[in-house]
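For reference, the structure is listed below as structure tokens.
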Amino acid sequence: MEYQLIPNTSISRSQRLLQKISQNWQRRAQVKTQEIDIKSTVDKSLPDFRVDLLPFKDHPDFLEASSEMQRKILSCGWLAYNTKTIDIETKIVNPACNHIIHGEVPGVDDEISQQTASETLVDESYHVLLVNKACHLTRHQRGLQSLVLPNFNLVVNMYQEQSQYLEYWKKVLVQLATATVSELFISDYLDLLAHDQTIQPLNRLVVDTHLQDEMAHGTIFNHLAKHIYSKLNQEQQEFFIEILPKPVRWFANIELTVWKAMLEQIGFAHTERVIADCAAVNEVNLLRIDYTGVMSLAEELGILNSSRGIDCFGKADLFAVVDGRQKCLAT
């Protein structure tokens, strides 16, 4: 359903931008309009994933493994990549959209916010369907039907954070902050594979199709966060400031628990040593992600103009970009 731009000058700039995005939804949404011929885009001779995205890509035990084992590990990487994507959609973003649709967040009792959240929810459902199909095909082709993946740190950390609070509104804001950070990150996350001609063409096409929608979702959550933040009371704003930097670190986790489970299941002989060596280096690698979008959002909200904001972001070891260089907020 499309509706006309509301000429009410009292609505915020973020609301008006959300309204324009919503008007273009029928033409924009890729996953629901683009049919992918799964079987015709398969090339079994190409790997499923990129070696440079493995947390142990330079480890001697991986480099000395047989080509068959390396290929199987890359298939595990593709399955983990997609399973994490599904977790982001179903356990983080979709519940945040539901909170908005049900008016459980301050400032979202308007048609614009709820319409946009509803459309995003539809997009994400199509994404899950698409990615699930791709995963099932990979499992069948590579003999990985029985592979079981544990929960990802991103989701586990969000649930643990929510469990610390009795107030429902705090749990909701933790969900919203995690969804906002995830949607600001996921386009870069997907872009790593979307144009890679060295991997399975099906895998590249699946990610590229998903990416087209997610580029809009980052903008949507950016403006939803701005609109919602402006409607929070002082206590709620201070809590949101405290929470916002935390999902950045959760997203940067290299998910060694998941990798350990997968490597053990496929019979990789040196799992314990490889995982231990990776953990010893750094299990949370902020350098592997671009969080300038989160920093820009924090700056636009005025969070980084306050001592509380600087303190919260500094404790998370996040950096502000100043004159093209990264500057530690903790200094």
Side-chain angles (χ1 to χ4, degrees), residues 41-88 131 134-135 137-139 141-142 144 147 149 152-154 182 184-211 214-215 248-266 268-293 319 326:
T41 52
V42 169
D43 184 345
K44 293 183 180 180
S45 68
L46 291 175
D48 290 313
F49 202 58
R50 286 171 48 160
V51 172
D52 64 323
L53 296 182
L54 302 179
F56 44 79
K57 63 183 185 301
D58 297 318
H59 197 285
D61 288 333
F62 169 71
L63 297 175
E64 293 170 8
S66 67
S67 58
E68 180 183 356
M69 177 56 71
Q70 288 186 4
R71 187 174 288 267
K72 185 167 287 190
I73 290 173
L74 289 172
S75 296
C76 287
W78 168 245
L79 292 174
Y81 182 90
N82 281 293
T83 305
K84 185 172 184 177
T85 299
I86 292 172
D87 271 11
I88 290 170
V131 173
C135 284
L137 181 64
T138 299
R139 285 176 175 272
Q141 287 182 334
R142 308 303 190 189
L144 295 170
L147 188 72
L149 280 66
F152 289 84
N153 279 289
L154 176 61
S182 296
L184 289 174
F185 278 157
I186 200 167
S187 291
D188 289 334
Y189 177 73
L190 295 171
D191 193 56
L192 293 170
L193 293 183
H195 310 296
D196 192 333
Q197 300 295 326
T198 67
I199 64 171
Q200 275 268 3
L202 169 66
N203 298 2
R204 183 199 61 74
L205 184 58
V206 165
V207 176
D208 186 50
T209 303
H210 188 177
L211 175 63
E214 291 300 345
M215 291 173 69
V248 178
R249 293 188 63 82
W250 304 341
F251 205 101
N253 191 289
I254 58 177
E255 303 289 358
L256 292 182
T257 301
V258 175
W259 272 110
K260 184 175 186 292
M262 294 191 299
L263 293 178
E264 287 177 341
Q265 289 176 72
I266 64 174
F268 182 59
H270 306 294
T271 298
E272 290 288 345
R273 183 164 59 202
V274 168
I275 296 301
D277 289 347
C278 287
V281 175
N282 195 355
E283 194 166 350
V284 176
N285 183 3
L286 289 167
L287 295 178
R288 65 189 283 267
I289 60 174
D290 179 4
Y291 53 85
T292 54
F319 293 76
Q326 287 189 328

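Values below: every heavy atom of this structure, side chains too, minus hydrogens, waters and symmetry copies.
- Here R249 pairs with V284, L286, A316, D317 under the side-chain contact (heavy atoms from CB on, under 4.5 Å) rule; sequence neighbours left out.
- Side-chain contact check for I199 versus D196: some heavy-atom pair is nearer than 4.5 Å.
- Put simply, CZ on R204 and OG1 on T198 are 11.0 Å apart, with the number rounded to the nearest 0.5 Å.
- Note that CG of L137 and CD of Q200 are 7.5 Å apart. Values are rounded to the nearest 0.5 Å.
- Among residues two or more places apart in sequence or in another chain, the side-chain hydrogen bond (donor to acceptor under 3.5 Å, both in side chains) test is passed with N153 by N253, E255.
- We find the OG1-CG distance between T292 and L184 to be 9.5 Å, quoted to the nearest 0.5 Å.
- Residues that satisfy the ring-ring contact (aromatic ring centres under 6.0 Å, His included) test with F56, not counting sequence neighbours, are F62, W259.
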Could you go through I266 and L144, starting from their C-alpha distance and side-chain angles, then the distance that decides it, and tell me whether this counts as side-chain contact (heavy atoms from CB on, under 4.5 Å)? CA-CA 8 Å; I266 64 174; L144 295 170; 3.9 Å; yes
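- Note that CG of L149 is 7.0 Å distant from CG of L79, once rounded to the nearest 0.5 Å.
- With sequence neighbours left out, T271 forms a side-chain contact (heavy atoms from CB on, under 4.5 Å) with K260, L263, E264, F268, I275.
- Of all heavy-atom pairs spanning K84 and F251, the tightest one is NZ-O, 3.8 Å.
- Side-chain contact between C76 and L147 is present, with at least one heavy-atom pair separated by less than 4.5 Å.
- Of all non-hydrogen atoms in P55 and C278, the two that sit nearest each other are O-SG, 3.6 Å.
- Going from atom CG of N203 over to atom CG of D208 covers 12.5 Å, rounded to the nearest 0.5 Å.
- Nearest heavy-atom pair across V258 and A80 is CG1-CB, 4.4 Å.
- Aromatic pair F49/Y81: ring centres closer than 6.0 Å.
- Not counting sequence neighbours, the partners of L46 by the side-chain contact (heavy atoms from CB on, under 4.5 Å) test are D43, P201.
- Screening residues 52-76 for salt bridge (Lys or Arg N to Asp or Glu O under 4.0 Å), with sequence neighbours left out, gives R50-D52, D61-R273.
- With hydrogens and angles left out, the side-chain atoms of T138 and D48 include no donor and acceptor closer than 3.5 Å.
- Judged by distance alone, with hydrogens and angles left aside, the side-chain atoms of N82 form a donor-acceptor pair with the main-chain N or O of W78 at under 3.5 Å.
- With Q70 contributing its side chain and S66 its backbone, the two residues share no donor-acceptor pair below 3.5 Å.
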